[in-house]
Amino acid sequence: MERRHRRTRREKLEEELRKTEEAIEQYTDAITAMEEKRDALVEELESEHIREVTKLLKEKNLSVEQLKNLLGTIPQEELVKQGA
């Protein structure tokens with residue numbers, strides 16, 4: 001039976017470095033994918049907000065211009081306080 005080659009400290013370190021670099025690449029790819037998913041969800045959420053506002057405008061029979069005017073009559077501090 002042939003003896004198995006014993007790896008040197010340098011070989012072990014090189015192997016560990018290779019594995020670490022592969023793991024970093026995998027995590028980087030996963031982060032990139034999650035960021036893309038987050039961006040898509042943010043866009044989808046913004047679209048949903050717009051749909052809700054549009055639905056409300058139709059229900060109240062208001063135009064966008066009327067909404068602008070209505071919001072213009074509310075003090076900025078009040079809008080910020082209500083949004084919190």
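Every value quoted in this text rests on a predicted model; they were computed, and no experiment measured them. Counting from 1, the numbers follow the sequence of the chain as shown.
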* Do Arg51 and Glu48 sit within salt-bridge range, that is, some charged N less than 4.0 Å from a carboxylate O? ->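 Judged by the 4.0 Å cut-off on N to carboxylate O distance, Arg51 and Glu48 do form a salt bridge.
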Under-4.0 Å salt bridge between Arg18 and Glu21:
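No, this pair does not count.
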### Message
Exactly one of Lys12, Glu16, Arg10 should register a side-chain contact (heavy atoms from CB on, under 4.5 Å) with Glu14. Which one does?
### Response
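Exactly one option meets the side-chain contact (heavy atoms from CB on, under 4.5 Å) with Glu14, and it is Arg10.
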Gap separating the [atom1] atom of [X] from the [atom2] atom of [Y], nearest 0.5 angstrom:
X     : Y     : atom1 : atom2 : answer
Arg7  : Glu15 : CZ    : CD    : 5.5 Å
Leu62 : Leu70 : CG    : CG    : 7.5 Å
Leu45 : Ile50 : CG    : CD1   : 10.0 Å
Thr20 : Leu13 : OG1   : CG    : 10.0 Å

Item to complete: Treat each ILVMFWY residue as a node, draw an edge where side-chain heavy atoms are under 4.5 Å apart, and state whether Ile74 and Leu56 are in one component.
Response: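 In one cluster with Ile74: Leu56, no.
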Report all side-chain donor-acceptor pairs from residues 28-44 shorter than 3.5 Å, counting only partners two or more places apart or in another chain.
residue: Thr28; atom: OG1; partner: Ile24; partner atom: O; Å: 2.7
residue: Thr32; atom: OG1; partner: Thr28; partner atom: O; Å: 3.0

Residue Glu25 excluded, over 12 heavy atoms near CD under 6.0 Å: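 Counting other residues, nucleotides and ligands, CD of Glu25 stays at 12 neighbours or fewer.
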Practice problem: Start with the C-alpha distance between Leu67 and Val53, add both sets of side-chain angles, then the distance that settles side-chain contact (heavy atoms from CB on, under 4.5 Å), and finish with yes or no. | Solution: CA-CA 10 Å; Leu67 178 62; Val53 170; 4.1 Å; yes
